[in-house]
Amino acid sequence: MLGLARHHGYRSRTRTLMTKPAGSRMGPRPDVYLVEYPVGSKVVVVADPSVQKGMPHKRYHGKVGVVLGRRGRGYEVEVYLGSKRKILYVLPDHIRPHNA
């Protein structure tokens with residue numbers, strides 16, 4: 001059978017995870033770039049689908065991490081997957097402050 005290949009791309013099976021609600025399809029909000037995250041602050045990794053550059057993998061969507069520092073325009077964020085420590089380099093479009 002042709003045409004039934006299972007694709008395993010970087011954004012595979014993210015139809016609902018990386019889409020914005022209808023009516024809000026626009027680019028990134030300008031206030032995203034004005035927020036400064038100090039070292040040690042907690043952030044939530046939430047991928048913004050309107051910005052593809054600097055987007056983390058879907059497995060980190062919704063994870064809470066700690067800011068370790070800056071890397072150019074982006075941030076160095078430490079996230080744990082189970083007991084494994086991962087370091088992500090994420091643009092500010094894809095992180096939000098953790099309110100807890």
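Residue indices begin at 1 and follow the sequence shown.
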Q: Would you name the heavy atoms of Asp93 and Val51 that are closest together and state the gap between them?
A: OD2-CG1, 3.8 Å

Q. Donor-acceptor pair, His57 side chain versus Arg59 backbone, under 3.5 Å?
A. yes

Q) Is the closest side-chain heavy-atom distance between Arg11 and Leu17 below 4.5 Å? A) no

Q: For Arg73, look at atom CZ and say whether over 12 heavy atoms of other residues, nucleotides or ligands are found less than 6.0 Å away.
A: no

Q) Same cluster or not: are Tyr60 and Val67 linked, directly or through other Ile, Leu, Val, Met, Phe, Trp or Tyr residues, by side-chain heavy atoms under 4.5 angstrom apart? A) yes

Q. Is the shortest heavy-atom distance from the side chain of His94 to the side chain of Pro56 under 4.5 Å?
A. yes

**Q.** Side-chain heavy-atom pair Lys86, Lys63 within 4.5 angstrom cut-off
**A.** no

Q) Is the side chain of Lys58 donor-acceptor paired with the backbone N or O of Ser12 at a distance under 3.5 Å, no angle test? A) yes

Q: Could you pull out the closest heavy-atom pair between Leu88 and Val90, with the gap in Å?
A: CB-CG2, 3.6 Å

Q: Could you list the residues that satisfy side-chain contact (heavy atoms from CB on, under 4.5 Å) with Glu76, not counting sequence neighbours?
A: Leu68, Arg71, Ile87, Tyr89

Q) After noting the C-alpha distance and the side-chain angles of Tyr37 and Lys42, does the key distance pass the side chain to side chain contact (heavy atoms under 4.5 Å, CB included) rule? A) CA-CA 8 Å; Tyr37 299 102; Lys42 287 191 174 186; over 6 Å; no

Q. What are the two closest heavy atoms between Val35 and Tyr75, and how far apart are they?
A. O-OH, 3.7 Å

Q: Taking all heavy atoms of Val43 and all of Val77, pick out the closest pair and write down the distance.
A: CG2-CG1, 4.0 Å

(Q) If I compare all heavy atoms of Met55 with all of Ala47, which pair ends up nearest, and what's the gap? (A) CG-CB, 3.9 Å

(Q) Tell me the closest heavy-atom pair linking Pro38 and Glu36, and the distance in Å. (A) CD-O, 3.5 Å

Q: Indicate yes or no: at least one non-hydrogen side-chain atom of His61 is less than 4.5 angstrom from one of Val45.
A: no

